[in-house]
Q: 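Structure provided below as structure tokens; questions to follow.
Numbers here simply count residues along the sequence, with the first being 1. Keep in mind the model is a prediction, meaning the values are calculated, not measured. Ligands are counted one by one from 1 in listed order, and the atoms in each one are counted from 1 as well. When reading the values below, keep in mind they use all heavy atoms of this one structure, side chains included, and skip hydrogens, waters and symmetry mates.
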Amino acid sequence: MKIAQAQGAPASAILGIGGYRPRRVVDNAEICQFIDSSDEWIQTRSGIRERRWASADETIQMMSVAASRKAIERAGLEPEQIDTVIVATVTHLYQTPAAAATVAAELGTKGAAAFDISAACAGFCYGTAMADSFIRTGTSKYVLVIGVERLSDFTDPRDRSTAFIFADGAGAAVIGPSEVPGLGPVVWGSDGDQAGLITQSQPWDVALAGEERHRPVLQMTGNPVFKWAAYTMAKAAAEAMDAAGIRPDELEVFVPHQANMRITDAMFRALKLPAEVIVGRDIARQGNTSAASVPLAIEALLESGEARSGQTCLIIGFGAGLVYAGQVITLP
Ligand code: UT7
């Protein structure tokens with residue numbers, strides 16, 4: 001028996017991007033109430049001036065739906081046209097059901113396929129790679145990829161190695177069929193030997209069995225992660241450009257995961273990008289929002305007019321795992 005095969009589109013592209021930034025702005029002075037640090041140290045070492053922390057009503061669900069509505073509208077689509085929803089997050093408080101299923105329902109999709117993925121700060125780029133494959137193989141037509149986090153729920157405000165970094169928010173992209181390729185091949189991978197550099201402090205059962213019974217928090221040994229990100233990730237980003245057939249002098253926009261402004265600058269230098277390339281620097285006002293950081297930084301560049309639709313952009317996400325994924329995209 002011959003099994004029929006789905007036929008996909010020749011290529012895919014990002015059709016619309018939207019973000020949600022929580023209302024509450026937390027400046028470095030507020031962070032320094034709980035850690036021995038200073039506004040000057042935080043700005044110099046990380047580039048962060050302020051970040052957003054979600055209030056009780058700004059849940060993973062609420063932020064995902066808000067970002068997605070903007071992305072769907074900007075793509076010129078109706079929610080019922082979305083047939084697949086992928087949510088990338090490491091901070092959804094429910095292990096099951098997937099956030100993607102309830103987000104798909106609230107948006108008004110017609111029973112879209114829906115699932116969550118856990119790839120930390122690379123989650124949005126992992127989801128984008130999956131969406132591209134789904135569309136080109138005919139598995140899906142319009143895929144909604146959401147990166148969303150409430151990292152403040154998992155941050156110890158008294159831990160000076162993480163308290164100033166992590167933040168909350170959501171970014172979403174609608175990816176659909178295109179005659180002209182708008183997404184290059186993904187370059188991705190993992191290095192589980194370095195898993196201990198960014199971890200959850202304890203598994204849930206141990207945390208809840210302890211005397212204090214508090215939820216676990218994220219812990220990071222920052223400096224080795226910094227070096228891995230600045231050097232190894234620059235190589236992966238160069239491979240993503242090679243895979244897409246884009247030379248550094250042809251690139252127009254660079255949006256790496258918003259982990260640290262100095263990592264962004266080190267990657268920019270290592271990639272030998274021309275000075276006129278526009279760089280995502282959303283970390284200054286948004287902090288590190290893990291899976292949400294790349295789409296939020298893209299939205300910021302488009303909304304400010306610094307970057308524009310049709311430009312060629314390199315994105316790369318990297319983080320806990322350690323995992324990474326990068327690709328060249330055309331901005332929607
Ligand atoms: O999103 C997932 C991926 N994450 C990343 O890519 C994050 C990568 N790592 C980083 O961004 C940086 O490592 C940090 C911003 C976290 C830290 O910067 P660093 O330049 O690597 O600092 P360090 O850990 O090497 O510490 C340098 C000094 C130390 O003091 P001494 O030993 O030189 O006297 C630390 O004790 O800075 C001190 N320090 C602080 N001082 C003030 C560490 N944290 C703080 C702090 N405030 N919050």
Side-chain angles (χ1 to χ4, degrees), residues 26-51 88-91 118-126 147-152 154-169 171 188-192 194-201 217-237 255-268 270 280-284 286-297 315-326:
V26 178
D27 63 14
N28 290 339
E30 183 172 344
I31 297 289
C32 292
Q33 288 172 11
F34 304 100
I35 56 170
D36 176 15
S37 189
S38 66
D39 175 46
E40 200 252 330
W41 190 95
I42 295 171
Q43 288 208 40
T44 314
R45 293 292 179 127
S46 72
I48 300 172
R49 287 203 305 267
E50 60 189 32
R51 74 286 291 139
T89 184
V90 291
T91 50
S118 173
C121 310
F124 177 78
C125 296
Y126 266 67
V148 57
E149 305 289 2
R150 278 180 59 112
L151 288 159
S152 61
F154 289 91
T155 301
D156 176 355
R158 289 178 173 75
D159 179 353
R160 77 205 284 249
S161 56
T162 57
F164 64 97
I165 296 176
F166 294 129
D168 306 334
W188 58 359
S190 68
D191 182 0
Q194 300 200 73
L197 294 179
I198 311 174
T199 55
Q200 184 174 309
S201 54
V217 291
L218 289 172
Q219 292 177 331
M220 179 168 71
T221 311
N223 200 261
V225 180
F226 184 100
K227 288 176 181 149
W228 171 79
Y231 301 110
T232 313
M233 289 305 95
K235 286 195 193 115
V255 181
H257 166 48
Q258 303 292 291
N260 185 317
M261 199 76 88
R262 289 189 297 139
I263 293 175
T264 298
D265 290 336
M267 290 177 82
F268 188 91
R281 298 192 179 280
D282 201 37
I283 189 165
Q286 197 65 34
N288 177 343
T289 57
S290 190
S293 90
V294 167
L296 277 174
I315 59 174
I316 183 162
F318 48 84
L322 301 174
V323 296
Y324 65 91

Q: Could any protein non-hydrogen atom be found less than 4.0 Å from atom 34 (O) of ligand 1?
A: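 No, there is no protein heavy atom closer to it than 4.0 Å.
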
Q: Who's the nearest protein heavy-atom neighbour of atom 1 (O) of ligand 1, and how far?
A: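 The answer is Asn288 ND2, 2.7 Å.
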
Q: I want to confirm something. Looking only at heavy atoms, which of Ser293, Ser46, Cys121 is nearest to atom 2 (C) of ligand 1?
A: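 Looking at heavy atoms only, the winner is Cys121.
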
Q: State whether any protein heavy atom lies less than 4.0 Å from atom 5 (C) of ligand 1.
A: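 Yes, there is one.
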
Q: At less than 4.0 angstrom from any non-hydrogen atom of Asn223, what atoms of ligand 1 do you find?
A: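 Those qualifying, in numeric order: 13 (O), 19 (P), 21 (O), 25 (O).
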
Q: Please identify which atoms of ligand 1 are closer than 4.0 Å to at least one heavy atom of Gly222.
A: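 Counting atoms of ligand 1 from 1, those under 4.0 Å from Gly222 are 8 (C), 9 (N), 13 (O).
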
Q: Enumerate the atoms of ligand 1 whose separation from the nearest heavy atom of Asn260 is less than 4.0 angstrom.
A: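 Going through ligand 1 atom by atom, the ones under 4.0 Å from Asn260 are 10 (C), 11 (O), 12 (C), 15 (C).
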
Q: Can you give me every donor-acceptor pair (side chain of residues 157-166, partner residue at least two apart or in another chain, under 3.5 Å) with its distance?
A:
| residue | atom | partner | partner atom | Å |
| --- | --- | --- | --- | --- |
| Asp159 | OD1 | Ser161 | N | 2.9 |
| Asp159 | OD1 | Ser161 | OG | 2.6 |
| Asp159 | OD2 | Thr162 | OG1 | 3.3 |
| Arg160 | NE | Asp36 | O | 3.2 |
| Arg160 | NH2 | Asp36 | O | 3.1 |

Q: Under 4.0 Å from ligand 1, counting heavy atoms only, is it the side chain of Phe226, its backbone, both or neither?
A: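 Under 4.0 Å from ligand 1, Phe226 contributes backbone and side-chain atoms.
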
Q: Does ligand 1 have an atom under 4.0 Å from some heavy atom of Asp36?
A: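 Yes; Asp36 lies near enough to ligand 1 that a heavy-atom distance drops under 4.0 Å.
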
Q: Under 4.0 Å from atom 11 (O) of ligand 1, is there any protein heavy atom?
A: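 Protein heavy atom within 4.0 Å of atom 11 (O) of ligand 1: present.
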
Q: Once ring-ring contact (aromatic ring centres under 6.0 Å, His included) is applied, do any residues pair with Trp228, and if so which ones, sequence neighbours excluded?
A: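 So Trp228 forms no ring-ring contact (aromatic ring centres under 6.0 Å, His included) with any residue.
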
